[in-house]
Amino acid sequence: MVCTMAFLRALLSSARAFRWGPGLSAGLPSDDAVLLDAPDERLSPALVAAALGDFEPAAKLLATTRDAADWESRDRCLALLVAFARSRDGWLGGWLAAAPRDPDALLVKAALAVRRAWESPAHAELLRDVGPLITAAAEADPRDPVPWRLALDHARGTHATHTVFESLWEQAVRRSPHHYGSHVAALRYLSAQWYGSHRECFDFAERAAEDAAGDSLVQALPVRAAYALLRDERAWARATSVQEDRIDDAADLAIGLSSAFPAGDPWPAEVRNLLAYVLVARGRSADALEQFRLIGPYATSFPWAHVTGEALGGFLEARAAARLRVASSTPLRGRPEHSGRRGH
């Protein structure tokens with residue numbers, strides 16, 4: 001009887017999946033339409049020009065963000081330019097030769113050096129040599145918080161003390177109190193993987209989110225703390241009901257943030273990808289499927305590359321799994337049900 005019932009449940013699950021599956025695909029781009037770490041319409045021309053050795057569009061773009069004090073966009077553009085320069089940096093060399101004191105060129109140079117150092121097993125030693133480049137970028141425009149975000153990442157990798165880190169943090173938030181990148185850097189320093197604990201991560205993230213505006217990406221900081229706990233297998237195996245509640249509260253807060261942006265908006269794409277992962281991990285498949293719809297074609301390397309090693313494949317597998325679970329849990333007579341806060 002037990003085997004028969006298990007077989008019956010499997011048959012019903014398959015029937016539900018086939019019945020509701022097509023409808024649940026509404027709003028989801030096809031697999032071949034999904035893009036990984038796609039640049040927005042402002043950055044695309046700069047990357048195309050850089051591929052041809054022309055640095056001027058990138059220089060103009062970063063100068064525009066600096067003139068407007070749009071530090072969030074500046075940090076976002078910087079990350080994608082550095083990712084490109086990691087394998088093709090000839091255009092950056094031309095830029096530095098033409099304008100060796102340009103604050104934007106110095107920032108890209110410092111960020112690229114930080115990234116390359118972090119990729120080496122000997123990152124602590126290599127990062128120490130990068131310090132003067134970060135200082136030069138910070139001095140080139142004293143208003144800019146982004147070099148101080150680099151300094152926070154640098155401090156973590158060089159095993160800086162809490163006192164040193166706190167002094168750098170004060171410099172960053174003095175320039176931009178709610179700068180998302182600086183908050184992420186601080187959260188990493190406080191993580192159990194580095195110099196803190198999961199409780200410290202949640203405490204910091206929740207307080208920061210309370211202070212931030214409702215549409216600030218800092219609202220997603222608690223879901224990053226939740227991700228770190230879920231990825232720590234030993235800690236998660238010992239998780240308490242309080243920790244589970246904090247994870248679900250973080251996810252609910254990030255759902256609220258996600259709802260403040262249009263579907264298919266590339267700006268909150270990384271936050272939505274991270275939120276989708278956490279919701280899938282918590283068994284909240286219907287909520288996760290809704291985030292996949294809001295993500296549209298904009299998959300991001302984080303968190304999927306850390307989870308599966310192959311970012312795009314990980315994204316597509318998680319999306320398909322969420323869709324299948326929602327379909328499988330839907331009664332044959334009726335409509336797909338919302339998973340609620342705890343659908344696992």
Side-chain angles (χ1 to χ4, degrees), residues 23-29 34 72 76 178 180 183-184 187 198 201-231 236 239 241-300 302-304 306-307 314-327 329-330 335-344:
L24 291 172
S25 296
L28 296 176
V34 175
E72 299 290 3
R76 181 77 61 91
H178 303 295
Y180 179 61
H183 280 77
V184 170
L187 196 72
H198 291 297
C201 268
F202 271 110
D203 288 346
F204 172 78
E206 289 166 355
R207 285 197 299 268
E210 286 176 3
D211 292 339
D215 61 349
S216 168
L217 294 183
V218 175
Q219 293 285 323
L221 214 61
V223 90
R224 290 190 74 110
Y227 166 81
L229 177 55
L230 288 168
R231 292 287 293 155
W236 181 235
S241 60
V242 172
Q243 288 175 309
E244 291 185 4
D245 285 343
R246 291 182 98 168
I247 289 175
D248 285 319
D249 288 342
D252 291 339
L253 183 63
I255 288 173
L257 171 65
S258 177
S259 69
F261 297 93
D265 186 344
W267 179 256
E270 185 178 272
V271 165
R272 284 172 168 164
N273 276 256
L274 177 61
L275 173 58
Y277 170 82
V278 171
L279 291 168
V280 167
R282 290 294 289 149
R284 296 173 58 174
S285 300
D287 289 334
L289 190 60
E290 177 59 21
Q291 291 307 311
F292 281 119
R293 288 195 180 97
L294 293 172
I295 289 166
Y298 295 109
T300 58
F302 180 78
W304 309 110
H306 295 260
V307 174
F315 171 88
L316 295 174
E317 287 175 11
R319 190 178 70 163
R323 175 176 163 275
L324 179 60
R325 287 170 188 162
V326 173
S329 64
T330 301
R335 297 180 178 180
E337 298 175 356
H338 194 278
S339 68
R341 175 174 167 128
R342 300 181 191 280
H344 58 294

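The shown structure was predicted, so the numbers you read here are calculated from the model rather than taken from an experiment.
- Nearest heavy atom pair, residue I255 against residue Q291, reads CG1-NE2, 4.2 Å.
- Shown here are the side-chain hydrogen bond (donor to acceptor under 3.5 Å, both in side chains) partners of E317, two or more places apart in sequence or in another chain: there are none.
- To the nearest 0.5 angstrom, E206 atom CD is 9.0 Å from L253 atom CG.
- Here the straight-line distance linking atom CG of D203 with atom CZ of R246 works out to 5.0 Å at 0.5 Å rounding.
- Put simply, the residue from D248, D249, D245 that forms a salt bridge (Lys or Arg N to Asp or Glu O under 4.0 Å) with R282 is D248.
- Residues P297 and P29 approach most closely at N-CG, 3.7 Å, considering heavy atoms.
- Among all heavy-atom pairs drawn from V278 and A251, the shortest one is CG1-CB, 4.5 Å.
- The OG atom of S258 sits 11.5 Å away from the CG atom of L274 when rounded to the nearest 0.5 Å.
- For the atom pair NE2 of H198 and CD of Q243, the computed distance is 8.0 Å after rounding to the nearest 0.5 Å.
- The two atoms that bring A276 and I295 nearest to each other are CB-CD1, 4.3 Å, heavy atoms only.
- A heavy-atom distance below 4.5 Å is not found between the side chains of L279 and F292.
- Between R207 and E210, none of the side-chain N atoms (NZ, or NE/NH1/NH2) sits under 4.0 Å from a carboxylate O, so this pair counts as no salt bridge.
- Taking the side chain as every heavy atom from C-beta outward, Y298 and N273 never approach each other to under 4.5 Å.
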D252 and R284: CA distance, side-chain angles, deciding distance, side-chain contact (heavy atoms from CB on, under 4.5 Å) verdict
CA-CA 11 Å; D252 291 339; R284 296 173 58 174; 2.7 Å; yes
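- The backbone N or O of Y180 sits less than 3.5 Å from a side-chain atom of E72, completing a donor-acceptor pair.
- The shortest distance between side-chain heavy atoms of P268 and Q219 does not fall below 4.5 Å.
- Closest of all the heavy-atom pairs between A208 and L221 is CB-CD2, 3.9 Å.
- W304 and F315 have perpendicular rings, their planes meeting at more than 60° on a 0 to 90° scale where under 30° would count as parallel.
- Panel note: side chain R272, backbone L294; a donor-acceptor pair is recorded below 3.5 Å.
- Considering only heavy atoms from C-beta on, E244 comes within 4.5 Å of W236 through its side chain.
- The minimum heavy-atom distance between A288 and V280, with the atom names listed, is CB-CG2, 3.6 Å.
- Within the 4.5 Å cutoff, no side-chain heavy atoms of R325 are placed close to those of L289.
- Side chain of R76 to main chain of W267: a donor-acceptor pair is present (N/O by atom type, distance under 3.5 Å, no hydrogens or angles).
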